[in-house]
Amino acid sequence: MLVLLFSQDSNFTKHTDLPDLPACFQLSVLPWAPCIFLWLTSPFYIFYLKRNNRGYIMMSILNRIKTVLGLILWIVCWTDLFSSFHEMSQNQLKPPVYFVTPLVLGMTMLLATFLIQFERLKGVQSSGVLFIFWTISVLCAIMPFRSKIMNASQAEVSVLNDKLRFTMFYIYFGLTLLQLILSCFNEKPPLFSSVVTDPNVCPETTAGFLSKMTFWWFTRMAIKGYKSPLENKDLWSLNKHDSSELVVPNLLNEWEVEKSKAQSEQSVKEQAAFRKAGPGAEPNHVSVSPEEEEVLLSKRKEARQPSFLRALLRAFGPYFLIGSAFKLLQDLITFVNPQLLRMLIAFTKQPQAPSWWGYSLAFLMFSASLLQTLILHQHFQYCFVTGMRLRSGIVGAIYRKSLVITNEAKRSSTVGEVVNLMSVDAQRFMDLTTFLNMLWSAPLQIVLALFFLWQNLGPSVLAGVAVMVLLIPFNAFIAMKTRSYQVEQMKYKDERIKLMNEILNGIKVLKLYAWETSFKQKILQIRQKELHVLRKASYLSALSTMAWTSAPFLVALTTFAVFVTVDVNNILDAEKAFVSLSLFNILRFPLNMLPQVISSIVQASVSLKRIQGFLSHDELDPESVDRRNNAVVNGKFSWAKQDQAALDNINVMVPQGSLLAVVGHVGCGKTSLVCALLGEMEKLEGQISIQGSVAYVPQQAWIQNATLRDNILFGRPYAEQKYRCVLEACALTPDLEVLPGGDQTEIGEKGINLSGGQRQRVSLARALYSGADVYLLDDPLSAVDAHVAKHIFDNVIGPEGALKGKTRILVTHGISFLPQVHNILVLVEGRVSEMGSYQDLLKQNGAFAEFLRNYSLEDIIEDDDEEEFPDDALSNHTDMVDNEPVVNEARRHFMRQMSIMSNDPENPKKMSRRRRCSERRHLESPSEKKELKVEKLIQAETTETGRVKLKVYWEYAKAVGPLLSLFICVLYGCQSATSIGANVWLSEWTNDALLNRTQDRVHMRVGVYAALGISQGALILANCLLCRVYSMLKAAHATHLHMLHAVLRAPQAFFEATPSGRILNRFSKDVDTIDSVIPENIDIWMHTFWYTVNVLIVCSALTPVFLIVIAPLTLLYWWVQRFYVATSRQLKRLESVSRSPIYSHFSETITGTSVIRAYGRNTAFVLLSDMKVWSRSRLDACSSSRMFSVTMSLNWMVRMTSDLESNIVAVERVKEYSETVTEAPWIVKDKQPPPDWPPKGNVEFIDYSVRYREGLDLVLRNISLEVKGGEKIGIVGRTGAGKSSMTLCLFRLLEAADGEIVIDEVKISEIGLHDLRSKLTIIPQEPVLFSGTLRMNLDPFEKYSEEDVWKVLELSHLKKFVSNQPSKLELECSEGGENLRCLVFKKKKILLLHQNGTKLGKGFGACCVNIKKTLIMIHKERVHMLNSVLFSCDRVLVLDKGKIAEFDTPTNLLAQKGIFYGMAKDAGLA
């Protein structure tokens, strides 16, 4: 009908300078269009509002006006209706349209008025549906508006006859325009909305529809970012529906549903298989062969695994589909412009055509582009938000899973691997969502483009289709190979991050052993393998890029060539060529994007498999521990299901309120017993029960990077009186006086700024403050001084301590407290050997008596009751030392000295003086202490501000090679020139049609066009090979190498002040950006830059007047780019910084999972993790909103420049760590000592002083002493006396503030650090095992034979333990595993033992005596350790407040009755 209508009135509507639409069209189609839209969308919209109620909005003036206007519009519309009825009553016949249109319009206005009120009741502040409705209404009313004015001016009389309708229309137009304007304004937020209470709410939540469509709500942030660099406080709060607290549980619920489905399917299959076996089958009849059993087991393993992908689709799919709908709309609009171009070219061929045609077509092309841009960026916004939610959900799921996985699972998923899952793999999902819709959009665009090309060029298009089909298997092969390379690359990346994590955790050990070079080589070996795989993937990428970039040209070439050669009548004119070319250009984007999307999907599928594997790990059974009965362990337990039992046939019942001590040799299963009680072990058979809440003090204290008070409170409310009692009982009050900020002092990562004893006391204080029912104490007194250990036992653990009446299980090596416990459990090789009271076990002379024989006689002298031991016990002890004459003589001499002192009247019998909290209430509480301005240990991570400095780009260019960089730029220019040249040549080709020379030059035209295209493909391949395969990987290698070298060269203070997560962030995400993202950015930027330059040159050459426009246009785009990048770049920097706390918190959590679980703090730590992810998601939300309307090459140039500058921040961050302050040189060539240095082992301190950092007090003051070669020196002193500092000074981890240290006439300050450290040997206070074999940990350089290794194990009393392991020396040590590193294979003249007595276990004194070298032992004042000092050392150095207090033989020092005598007295030896 419409075609007929327009064909009849074509002269009226088209072929005239004053066009108009037919009256029937104006009265029907135009007013009905908005009505149809509203009636079609209303049912869905009302259903949506019912499902998403946001609250109730109070009736406002704006709402009242809109409602009144809606009612007036209804009256106006129906006035026309009643007017028509009135005219009909007057016998004035009117067409039906005069009745139908007012009726439909009136009903639609009533519907719109209803929606205005319904939206208010459902909390909608701005309506998109009504905005579109009023917009369509106004647009459809513009033409009638013009027509009525034209008609009124031409025939006034006719208008007067229809005055009422004329008036009503203009009232209608004015009211709809007013409604449109009012719909641009927002209503107030709903009552009780979170928006009202949030001081920094994101404006998106309250933004109107128009503001959301144009991203105008983000303008305020962009202006602020342009004026000054953005900071975290400038960022808006995260929208509730994007927060982790909603996103993560939603994903986990879907994952649980998926897992339960998979389990139910498996059970159904098993039942079916059972039925198939037949009812007569005997269930216990063993008739299945081993082969059949193996097949059955393998089939069970092949059962369907739960799909994490399905869970992701159900959780995030619906929201993502909205973005997909926008993408579909944008794709359809994309093909409008080629049709408009066809009409525009046709218009230029008609000289008589009215000029308004051209203006209308140009306006329509602009409108289509604008609408396309708005819709495209809505699609991007939905995709970005989906990606952000995906990543938050995945990171949250991984974090929650890491809290509950079994020990067996931890072996296969190390911290480094899981950090990669959270950083690289989760990020890949976010990156994929941006262009995931291209998976269906690209084929759709290709099909539509080919359809329109068929219309334009006919069957010749099939030649182009053939080219595309031929490329499919080629790219499929590349995709498969790329996937395999991705898996391999991620494996190496995991290995590298895992090793880097271990290096950071054990950096002190590395520096002490001068192992940096060795471990650097290990990292570089892995990195080399990683880069090798990347290089192979880059070769494939180069071929793929060449194929798909050349694809549109090859399609065009074959299509045009076939078109002009198959038929003489086929002439390639301008319309066919350039309409086809515009379609080929549309084809270029999907053809280019499809392989990238496939590649991203391949990468994401690898990541999906890794994440799914981690989330499918076995979890600890929360029901494995019965919480209803007293502490009972009964059964068989192992660390993993396939491992041999660590605890076998255990049957222990601990009476409520009793104190049970667990003793035994190293490796007998004491810690395993505690872990079994916590439910941390695999229960092979039996039961575990613990009644009530649990507090756990692990052997290695777990300390958070928080204040000391927060570490003790551990999330519990602060109660001052209780808190002071705990500090007093755990002997922490004196420490608060020493710490710079009291209990508000920030504790570094892993408690780095606390001593071992302080860490253990904080851990114990945490347990005491928790007020639990059951206390599991795993050797908590081993790291504290003797007098402190006694204080803690008396005031906390012992029968009269604060835990009196609580159930306590104490694992201990110290036997001085055993007489005071209720029961003692003796473990031997994972079995209960004996259990009973101290006296009962001693009389049995069994395993317990043997345990006692492994320690010094003095260690069992109780100073409280001076109880005599049975003769057999004493004889056993004397028998033990018969074979050790040196030790025996020293011990007898010492016993004589002690017996003299014990009769001294100044040494009365000691009494238990437990200091009650109530007696010390007059003391100043920690909270009342004077506020001190304390410098934070862990400083906030710094971020650069302003523009990325040119120096950063130059550094990257230098890493690539300056001349090579220039050559690559020229190649890109040539490649773009050939592309433009091909289009220019095509333009010349089409001119042949005008000169009737088409057939004469066909072969020449096709040949040159083909040559230009092939040249372009060859240049692309050369560029990719040179750029990605060689240059960019060279830069990636160089930047990583420089950062690694700088970090390993950094002083110890750098690692104390820098969380490992912050450094790992640089080595994982930033290195990955340099490896993969920046090469891609540079490639796209160079293409865009040269294409833009060439387009401008061609346009200027063809249309010189264009030069007038170029200058202001360039300035405008430059300003837009600066304005946009200022915010974009800073958001990227803040986003990079926001990753570090997540990784640091995660690493910290992983090491403390057993403590977190024991205290039942899983939920609290999940919330803390969500807060950190929330902080990062805020940045993502802001970053995803950095969307402006960008079209065409100049706009794309702005976008690519922004992306490049945002991502080059990774180079900036890596460069920052490459320029960290380094310690002294490892080797000073002109000062290298002789190879056999030190020949004697003489050590001399000359007036030596040292401080930890500039501006701090001296920790050692004017130390002067001399140690002869082969002499054994013990260094003792109270906590904080400076013992550990002596070690740090000898190894130059601390540099001298004054004075010198001379070793065999060589000043150590003048030689290289490796020359010094490699010539000394130390067993550090806290040895760290690196993941790998035991052999690798003992002899990393493989310098010694297997016999030497076994000899050292024997000396270290570990030979029996290692021999019992199935793997022997190849025993795998888990990541971060902590144990004593046996005496290191450095046959040097100087050996330092740093507080290792407890961990060395039995025979420590014998070990020390047998060492024939200068021995410096730094000891706590534990009884056991003091005995070692007394029996093994020639002289003892007593430090006090950083100065030498006493220095003489043990006997002389005891006789002087000075500090050493006081320490011996406190230890129960005087």
Side-chain angles (χ1 to χ4, degrees), residues 5 9 12-13 18-39 42 62-117 127 129-184:
L5 191 70
D9 296 316
F12 178 64
T13 58
L18 288 172
D20 201 2
L21 293 170
C24 184
F25 187 84
Q26 292 186 31
L27 287 171
S28 58
V29 176
L30 289 181
W32 292 352
C35 300
I36 292 168
F37 165 78
L38 192 62
W39 284 101
S42 289
L62 178 64
N63 192 267
R64 287 191 179 97
I65 293 171
K66 287 196 284 188
T67 306
V68 170
L69 290 178
L71 292 172
I72 294 172
L73 277 166
W74 166 63
I75 294 167
V76 167
C77 294
W78 278 19
T79 301
D80 276 358
L81 177 65
F82 292 128
S83 172
S84 299
F85 279 118
H86 175 70
E87 288 171 348
M88 190 174 70
S89 67
Q90 299 294 324
N91 294 320
Q92 295 178 15
L93 294 175
K94 290 285 183 183
V97 73
Y98 281 89
F99 296 92
V100 175
T101 298
L103 178 66
V104 171
L105 274 176
M107 291 174 66
T108 306
M109 294 307 159
L110 282 176
L111 175 62
T113 308
F114 165 75
L115 285 177
I116 289 168
Q117 287 304 312
S127 172
V129 170
L130 286 178
F131 178 85
I132 295 170
F133 167 70
W134 296 124
T135 303
I136 297 172
S137 298
V138 170
L139 290 174
C140 289
I142 288 173
M143 203 64 198
F145 183 93
R146 175 178 172 274
S147 296
K148 289 183 186 297
I149 291 175
M150 285 171 57
N151 293 337
S153 63
Q154 290 171 5
E156 294 182 9
V157 179
S158 65
V159 174
L160 290 172
N161 290 339
D162 208 1
K163 193 186 296 180
L164 179 65
R165 284 193 180 85
F166 185 86
T167 307
M168 287 300 111
F169 172 79
Y170 283 104
I171 292 172
Y172 167 83
F173 183 83
L175 292 174
T176 51
L177 184 62
L178 192 57
Q179 284 280 36
L180 176 61
I181 294 167
L182 290 176
S183 65
C184 296

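We number each residue from 1, following the sequence as shown.
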- Task: Please examine the side chains of Y98 and L27, heavy atoms only from C-beta on, and report whether any two atoms are closer than 4.5 Å.
- Result: yes
- prompt: Do the side chains of L30 and P144 get nearer than 4.5 Å, heavy atoms only?
  reply: yes
Note to self: Is any side-chain heavy atom of Y172 closer than 4.5 Å to one of S137?
What the structure shows: yes
Rounding to 0.5 Å, atoms CG (L105) and CG (D80) come to a distance of 8.5 Å
Notebook entry, point to check: Do T67 side-chain atoms and N63 backbone N/O form a donor-acceptor pair below 3.5 Å?
Noted result: yes
Rounding to 0.5 Å, atoms CH2 (W78) and OG (S83) come to a distance of 15.0 Å
Is it the case that more than 12 heavy atoms not belonging to M107 sit under 6.0 Å from its CE atom?
no
Note to self: Are L73 and I171 packed together at the side-chain level, in the sense that at least one heavy-atom pair is separated by less than 4.5 angstrom?
What the structure shows: no
Taking C-beta and beyond as the side chain, do S183 and L130 meet within less than 4.5 Å on heavy atoms? no
Below 4.5 Å, heavy atoms only, C-beta onward: do T108 and W32 meet side chain to side chain? no
*Verify side-chain contact (heavy atoms from CB on, under 4.5 Å) between S42 and L111, making sure each step is shown before the conclusion.*
CA-CA 9 Å; S42 289; L111 175 62; 3.3 Å; yes
NZ of K94 to CZ of R165, rounded to nearest 0.5 Å, is 5.0 Å
- Does the ring of F169 carry K148 above it, NZ/CZ under 6.0 angstrom from centre and within 45° of its axis? yes
- Hey, does M143 have a side-chain heavy atom less than 4.5 Å from the side chain of F25? no
Are side-chain heavy atoms of T113 and W74 found at a separation under 4.5 Å?
no
One should read off an interatomic distance between L180 CG and L175 CG, to the nearest 0.5 angstrom, of 12.5 Å
Output for pair (L177 CG, L182 CG), nearest 0.5 Å, gives 9.5 Å
dist I65:CD1 -> I116:CD1 (nearest 0.5 Å) comes out at 11.5 Å
